[in-house]
Every structure is written in structure tokens, then in C-alpha cells.
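Bear in mind that the values here come from a model prediction, so they are computed numbers and not experimental data. Computed over heavy atoms, backbone and side chain alike; hydrogens, waters and symmetry mates excluded. Atoms within a ligand are numbered from 1 in the order they appear, just like the ligands themselves.
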Amino acid sequence: MDRSNRPSAIGVPTGKNLPQPTVTMRENLIEASLPTGESVTVHLFGATVTSWKLADGTEQLFLSEGAKLDGSKPIRGGVPVVFPVFGPPPKDHATSSLPQHGFARNSYWEFLGKSSSESLGRDKRDGGDAVKLDFGLSHGMLSEEFRRAWPYEFGLVYSVTLSKESLETSLQVQNKGGRAFEFQVLLHSYLRVDDISKIRIKNLQSKTYVDKTQNATTHTESSPALAITQETDRVYQALDPKVPIVVASDDDKPLFSITREALSDIVVWNPWIDKAKGMSDFAPDEAYKNMICVEAGSVAGWQTLDAGDAWEGGQTIRARL
Ligand code: TA6
């Protein structure tokens with residue numbers, strides 16, 4: 001066939017002709033930004049997202065001014081990763097010797113690499129509309145103390161995906177050993193708000209919750225729009241992950257919307273005045289007015305992962321809808 005007359009393919013701009021996301025690494029921080037200005041920063045300690053900014057530069061996450069960034073303690077703010085146990089570990093459990101909220105937020109992870117829009121299977125015409133950062137943690141990377149406290153061969157891959165309209169964080173848990181283990185997991189998101197008295201949390205009505213400020217007694221949410229007027233520490237259970245939890249202003253403008261995959265519990269936490277003062281890394285004391293934790297997790301019970309199996313779950317947070 002005479003190929004000289006074959007029409008040339010119509011040029012479809014590929015990602016390589018368009019401005020691409022940038023990813024930089026300095027010390028223990030990985031920063032990714034989109035050509036349109038959105039950015040995300042992840043600290044290798046805990047693979048903790050410490051900043052998420054929209055295109056206009058506004059910060060969406062709360063990071064305490066007293067947060068330790070030197071690995072001396074979990075980072076107070078952003079999105080700490082809670083694994084393999086949520087809260088203080090039960091005494092009669094394999095996690096009993098671990099610290100509160102487990103070791104994932106308390107260990108250095110490794111940066112595994114980035115993927116941009118094209119490899120994310122998104123619209124190729126806009127190479128810069130998303131970037132995914134992957135982080136890994138495995139048993140051999142843990143401190144001797146943690147390895148001894150929880151002697152299971154595991155692998156974690158934590159993916160942070162920044163797009164123009166959302167921040168997505170998901171965790172894959174692999175059981176690389178020869179015996180099953182139980183785990184809990186939670187993404188401890190500290191959302192930044194201008195004024196805690198002017199926000200409401202929606203889509204919790206009629207849901208069952210355990211109230212940790214009332215001796216872990218069980219209650220049913222009666223409010224269609226929960227206001228935060230005191231120390232609040234509630235574990236809402238068995239929610240449909242597809243139904244967004246919405247943080248709205250008091251005149252009902254949506255500020256954040258959180259949907260989940262395989263995470264059916266939501267923790268709502270604000271330390272309020274006394275607890276804020278009582279945390280040495282929570283600063284300034286008044287900052288409880290500028291944060292609300294809405295935490296997607298699987299924490300009401302335990303997931304069992306058999307040898308060789310894997311589990312995946314995650315959240316997508318949309319801001320300023
Ligand atoms: O997610 C809510 C919670 O379990 C609260 O009870 C409070 O302890 C908060 O986590 C912070 O825990 P941390 O260990 O980071 O001080």
C-alpha cells in the first residue's frame with residue numbers, strides 16, 4: 001500500500017505538549033503542584049499530608065503551629081494516617097503494645113514515585129489536571145520497638161492524588177506474612193475553618209454514634225446539621241461511604257464534602273478549650289476555633305486480613321463546592 005498518500009493522524013495534544021504538574025522533594029517534604037496552582041505537601045514522617053491549597057493559594061487543612069516536624073512525635077494536623085489501631089489499643093489484643101493510633105503516623109515512609117494525569121487514565125487533553133504521589137511503609141522499615149510490638153509482615157501503599165477539584169488519599173494494606181492479622185484504619189483529617197461556631201456538619205442525622213465525651217455511650221444523631229459548641233469526640237458508625245459528609249457554613253454554603261471507599265465510620269473531633277490547652281503541640285490554644293476533624297475510617301470493629309490478601313480504602317475531599 002502506498003503510504004505516502006495516507007492522511008497524517010490529526011494531532012491530539014498529548015500531555016507532553018501541555019504544562020505538567022511539578023513534584024519537588026526537599027528534606028522530608030514532597031510537594032506537588034498543578035499548572036493551575038493547586039498544591040499538596042506530604043511529610044515523609046507518617047506520609048502526613050501537611051498542606052493542601054486550592055488554585056488561589058488558600059490552605060484547606062489545619063496544621064498546628066506547634067506541630068513537631070522532626071519525627072519526635074506524630075504531626076499535629078494535616079491528614080495523619082492511623083493504622084493498625086485507632087485510639088488507645090485494647091489490652092487483650094495483638095495491638096496492645098502499640099501507641100495510640102498505631103505506628104503508621106509515627107514512622108518514616110518512603111516516596112515511591114508520582115503519576116500524572118495520563119497514567120491516571122484521565123482526559124489526555126489536559127495533562128496537568130491531576131497528580132498522584134505514592135508512599136510505602138513495610139514491616140522492615142519500622143523501629144525495633146514497633147516491629148516487636150506488632151510482629152506481622154505487612155506492606156502499606158498510601159496514595160495522595162491532587163486534582164483541581166479534590167484531594168484523594170487511599171491506603172492499600174497487604175498481608176505479606178503467613179498468618180492473618182486484624183487492623184483498623186482511619187484518615188485523621190484536620191480541616192481548616194474560619195470559625196468553628198459558624199460551621200455545621202450534615203448527613204449524620206439518624207446515625208448511631210459512640211460519644212467519647214460521655215463515657216463511650218451510644219446515641220443517635222438527631223440533628224440534620226450538627227453544630228460544634230463544646231468538646232466533641234464522636235464515632236459515627238455504618239454510614240454509606242458514597243453519601244458525602246458535608247461541612248457547611250451556618251448559611252448552608254458547602255465548605256467540604258467527604259466521600260469514601262470501604263471506610264464506613266466517621267469520627268468528628270474538636271478538642272475545644274481545655275483539651276486544646278492540654279496538648280503541648282496544639283498551638284495557639286485558640287486554634288480549636290479554626291479546625292474540625294472529620295475522619296474517615298474503619299474503626300468500629302476490626303478488619304481481618306488473611307495471609308497474602310490485600311485491602312484498600314480511601315477518601316475524596318472536595319473543597320468550596
Ligand atoms: O480522632 C479523635 C481522637 O481519637 C481523639 O480522641 C483525640 O485523642 C484525637 O484523636 C487526637 O489523638 P492524638 O493521639 O493525635 O493526640
Next on the checklist: Testing the 3.5 Å rule here: is there a donor-acceptor pair between the side chains of T58 and Q60?
Outcome noted: yes
Next on the checklist: Within the 3.5 Å criterion, strictly below it, is a donor on N215 or T217 matched to an acceptor on the partner's side chain?
Outcome noted: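 Per modelled atom types, N215 and T217 side chains form no pair under 3.5 Å.
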Checklist entry - Residues in ring-ring contact (aromatic ring centres under 6.0 Å, His included) with W150, at least two apart? => result F83, F103, Y152, F154, F181
Next on the checklist: Can you confirm whether more than 12 heavy atoms, excluding those of D194, are under 6.0 Å from its CG atom?
Outcome noted: no
Checklist entry - Out of D250, L226, I228, V246, which one pairs with R200 under the side chain to side chain contact (heavy atoms under 4.5 Å, CB included) rule? => result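 The passing option is D250.
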Checklist entry - Could you state the interatomic distance from CD1 (I266) to CG (L239), rounded to the nearest 0.5 Å? => result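 Interatomic distance, I266 CD1 to L239 CG, rounded to 0.5 Å: 6.5 Å.
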Item to check | Within the 4.0 Å heavy-atom sphere of ligand 1, strictly under, residues | outcome: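 These residues qualify: R76, F86, Q100, H101, R105, H188, K212, D233, V267, W269, E295.
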